[in-house]
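Since the structure comes first, as structure tokens, the remarks are kept for the end.
In what follows, every heavy atom counts, from backbone to side chain, and hydrogens, waters and symmetry copies are set aside. The chains referred to below are lettered A, B, ... by the order of the sequence lines, with proteins before strands, and numbering in each begins at 1.
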Amino acid sequence: MSLEKQDLAAPAPSDFIRDIVAGHVAEKKYPQIHTRFPPEPNGYLHIGHAKSICLNFGIAHEFGGVCNLRMDDTNPAKEDIEYVESIQADVNWLIGGWAEKELGLTPAKAPFYASDYFDQIYEFAVALIKKGKAFVCDLTPDQTDEYRRAGKASPFRDRSVEENLDLFTRMKAGEFPDGSRVLRAKIIVDAPNIWLRDPLLYRIKRADHHQTGDKWCIYPMYDFAHCLSDYLEGITHSICTLEFEVHRPLYDWILENLDLPKTLPHQYEFARLSLGYTVMSKRKLMQLVEEKLVTGWDDPRMPTISGIRRRGVTPEALRNFAYNIGITKYNGITDVSVLEHAIREDLNKRSLRRLAVLRPLKIVITNVPAGHVEELDAVNNPEDETAGKRKIPFSRELFIERDDFQEVPPPKFFRLKPGGEVRLKYAYIIKCDEVVKDASGHITELRCTADLDSKTGGATSARKVKGTIHWVSAAHAVDAEVRLYDRLFTVPEPDADGDFRQHLNPHSLEVLTAKLEPSLKDATAATRYQFERLAYFALDKDSGNNLIFNRTITLKDTWAKEAHKAS
RNA sequence: UGCCCGAUGGUGUAACGGUAGCACAGCAGACUCUGAAUCUGUUUGUCAUGGUUCAAAUCCAUGUCGGGCAACCA
């Protein structure tokens, strides 16, 4: 299915923000809808950001608008160019083939940066001072905190415009040490909303900035820079998460007190994503990386966009997930199964089926002569006829999955057992005649006979056998490293109590050497594979001459559930 | 504590004063050369109490519970 068709087929998402936007479009309130996605480059983007990206770009896409990617880089102490680059790559990947046209670009065809506006933001601060609406305050951080809690005016609140102007100019010139003075808005000292109690606008902070170098030693605070950046870019709908709801009066106050000629943007808030069995805060993800609890930001177990991508999930799957969860103001925890379903649904449609054995058990088909090799037809994707067929080699010695044989089978086990029959996918029905063990009782080999007329299309091929299993020809098999990933945490809410690290899943990664059908030698990074009856896999970026596959997600396994119930 | 926000099955959402629907999960079955996919059926819900109304998940009031903010972070 083409992406375009997929978009058309998907019901247009509807939520309270889109309802508002649709209303504005209907009344022609703005010439064009303009949103933005404004991450701070102080970490990698995660699936919660994906929700926001899909919302902001989705709205632009659906209402003929534009969405800017803007680095909210007002705190150089915590930011880094590495993050700028990863954010750009992740956004491009997520919107690729979907909302690329809606991506707003600066004249340099780069993302936007709040730091692009530092000169203008500075002038806005000067304008506020001149109007008597901002003042330089010499209180220490602790004192400031104390005064604000008490709803008491700063003793510096009534400095003259001239003095404020002089002090602010000198702050900029670097005449004062870090943290010694700040610029504050003059609003209401005892407002019920803390963010209106003369909030900070600028602080002195000597830090090398990844975009502006050492040009500045004062940096605007989020509240001051954000609304003005939105305004300067012509943003109409500034969409953020719930924790900024209480900041909205300040957002509006700044814009309304600057006598701005253009239409003002408006802020709307929605609930951030919480996912079961996952931690989402950048701080905790950073901790996992720094303490080497994972291999990096793009470890396939991480909920980061880069980790999810490396795991083999497609942007379409992630977008469908984002659509499916909806947008509200309710802080709930989305079940991981919703994500897993979106991934499986996507991969089922697109992945090439292949035969691969993860934990090999050798079997010998005694009535097939040694040296005999035949090529069998195998369907590449039953969900997509255009994917065609391939040949797979069959011979006397094969590998099957150890799990597919049980010497003492539980009830309803319809795979291979002593004296039992099973179909080898695309090949013959075989019967297990003998179980060969070593001195310690470990099964080393199975000796079987094939019903030589039962090959697909053959005389007895219609014979009903309850089970069908996958296999690979031992002589033709290709070895590959497979990385079996599982959820990173063992509990639905890892950060609900105490230290989230104590809930780390010790089995979140298992590495095996698997036996693959030979066609997988030519596997490509862009292709998604389903190892039949097992899971979906994608080539890892570490893969070179030696193949490395990441397990994206398992197939649903009703039998495992059944077996679990029995035990 | 103050201010702000929220509450619909197990989970996430829809219903915009007029039949509580969808998805995921679960359960049961059909089909199956993937115990997958697909198909069929199905269990489970409007936080509470009042009020307005012919009619309330929806509007109002009060309460309960949950979340957020009170960084020279964003």
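- Between A/Thr468 and B/U32 there is no side-chain N or O to OP1 or OP2 distance below 4.0 Å.
- Two rings, from A/His226 and A/Phe244, have their centers 6.0 Å or more apart.
- Look at the C1' atom in both B/U34 and B/G21: the space between them is 34 Å, to the nearest Å.
- Looking at heavy-atom distances under 4.0 Å, A/Asp178 makes no contact with the nucleic acid at all.
- A sub-4.0 Å separation between OP1 or OP2 of B/G35 and a side-chain N or O of A/Arg533 is present.
- The side chain of A/Tyr222 sits closest to B/A74 out of B/A70, B/U13, B/A74.
- Counting any heavy atom pair closer than 4.0 Å across all strands shown, A/Leu139 reaches a base atom.
- As a whole-Å value, the separation of A/Asn331 CG from B/G6 P is 11 Å.
- Looking at A/Arg197 and A/Asp190, no side-chain N of the basic residue comes within less than 4.0 Å of a carboxylate O on the acidic one, giving no salt bridge.
- Considering only side-chain N and O atoms, A/Arg203 lies under 4.0 angstrom from the phosphate OP1 or OP2 of B/A74.
- Using a 4.0 Å heavy-atom distance criterion, A/Lys412 is classed as a base contact.
- Checking B/A14, B/G12, B/A70 against every side-chain atom of A/Tyr330, the shortest atom distance belongs to B/G12.
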Polar atom pairs (N or O), protein with nucleotides 22-25 of chain B, under 3.5 Å:
unit_1 : atom_1 : unit_2   : atom_2 : d
B/C24  : OP1    : A/His341 : NE2    : 3.2
B/C24  : O2'    : A/Ser337 : OG     : 2.7

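- Residue A/Thr74 places at least one side-chain N or O closer than 4.0 Å to OP1 or OP2 of B/A74.
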Next item on the list: Both distances under 3.5 Å, Watson-Crick or G-U wobble: on that basis, could you give the dot-bracket string for RNA chain B, with [ ] for crossing pairs and | for other-strand partners?
Entry: (((((((..((((....[..)))).(((((.......)))))....(((((..]....))))))))))))....
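- For the pair A/Lys464 and B/C33, the criterion of a side-chain N or O lying under 4.0 Å from OP1 or OP2 is met.
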